[in-house]
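A short worksheet on the structure shown next.
Order of listing sets the numbers, starting from 1, for every ligand and every atom in it. No experiment lies behind these values; they were computed from the predicted model shown.
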Amino acid sequence: MYKTAITEMFGIKYPIICGAMMWLCKPTLCAAVSNAGGMGNLTAGNYETADAFRDAIRETRKLTDKPFMVNITLLPSVRITPEHHKMYVKICAEERVAGIEFSGTPLDKAAGMESVDLLKKSGRQNVS
Ligand SMILES: Cc1cc2nc3c(=O)[nH]c(=O)nc-3n(C[C@H](O)[C@H](O)[C@H](O)COP(=O)(O)O)c2cc1C
């Protein structure tokens, strides 16, 4: 049994986190990693609408009862806009996902302090 800061923080068996992968990190792979004792990754950029993103979180929960995380890539892109970034954060807060990985830009710069505050209010720790 491994015990590290990561296993303790997320309540997972092994200190192994699946990297974010556009096109691949969807419910099936995410749940498989979590079921194997690591931290599955659901990559938000795969989903263009709030309904599709929320459905993916719920679909993952049907496939695993273990914790998993969401990646939110905050780099500017043609397809994924700042409005998407805010939408992803809001849904993660509402759905209370176990972890969120941000990449590209600090959250407050990309989506404003209100997104940081929203996550803090939803009970997330270590948000900055
Ligand atoms: C197919 C593919 C898609 C990826 N998509 C994302 C993404 O959407 N967001 C992100 O932050 N990183 C993305 N990455 C980067 C990975 O999460 C990871 O940081 C990178 O592959 C380096 O990991 P490594 O040092 O273990 O090789 C992607 C990587 C691959 C190979």
From atom 22 (C) of ligand 1, is the closest protein heavy-atom distance below 4.0 Å? no
For Gly19, take its heavy atoms, then give the atoms of ligand 1 lying under 4.0 Å from any of them. 17 (O)
Under-4.0 Å protein heavy-atom contact, atom 26 (O) of ligand 1: no
Are there protein heavy-atom neighbours of atom 17 (O) of ligand 1 below 4.0 Å? yes
Write down the atom of Glu48, the atom of His84, and the distance for their closest heavy-atom approach. O-NE2, 3.0 Å
Does the side chain of Ile80 reach to within under 4.5 Å of the side chain of His85, using non-hydrogen atoms? yes
For a 4.5 angstrom cut-off between non-hydrogen side-chain atoms, does Lys66 reach Ile12? no
Tell me the protein heavy atom at minimum distance from atom 2 (C) of ligand 1, and give that distance in Å. Met21 CG, 3.7 Å
Which ligand 1 atoms does Thr43 reach within 4.0 Å, using its non-hydrogen atoms? 8 (O)
I need the nearest protein heavy-atom contact for atom 5 (N) of ligand 1: residue, atom name and distance, please. Met22 N, 2.9 Å
Under 3.5 Å, is there a donor-acceptor pair between the side chain of Asn41 and the main chain of Cys18? yes
Looking only at atom types and distance, does a side-chain atom of Ser34 sit under 3.5 Å from a main-chain N or O of Ala31, one as donor and one as acceptor? no
Region of Ala20 that comes within reach of ligand 1 [heavy atoms, distance under 4.0 Å]: both
Distance from atom 11 (O) of ligand 1 to nearest protein heavy atom, with residue and atom: Ser103 OG, 2.6 Å
Starting from atom 7 (C) of ligand 1, find the nearest protein heavy-atom neighbour and note its residue, name and distance. Thr73 OG1, 3.6 Å
Polar contact flag, side-chain donor to acceptor under 3.5 angstrom, Thr43-Asn71: no
Does Leu75 offer a backbone N or O that forms a donor-acceptor pair with the side chain of Thr73 under 3.5 Å? no
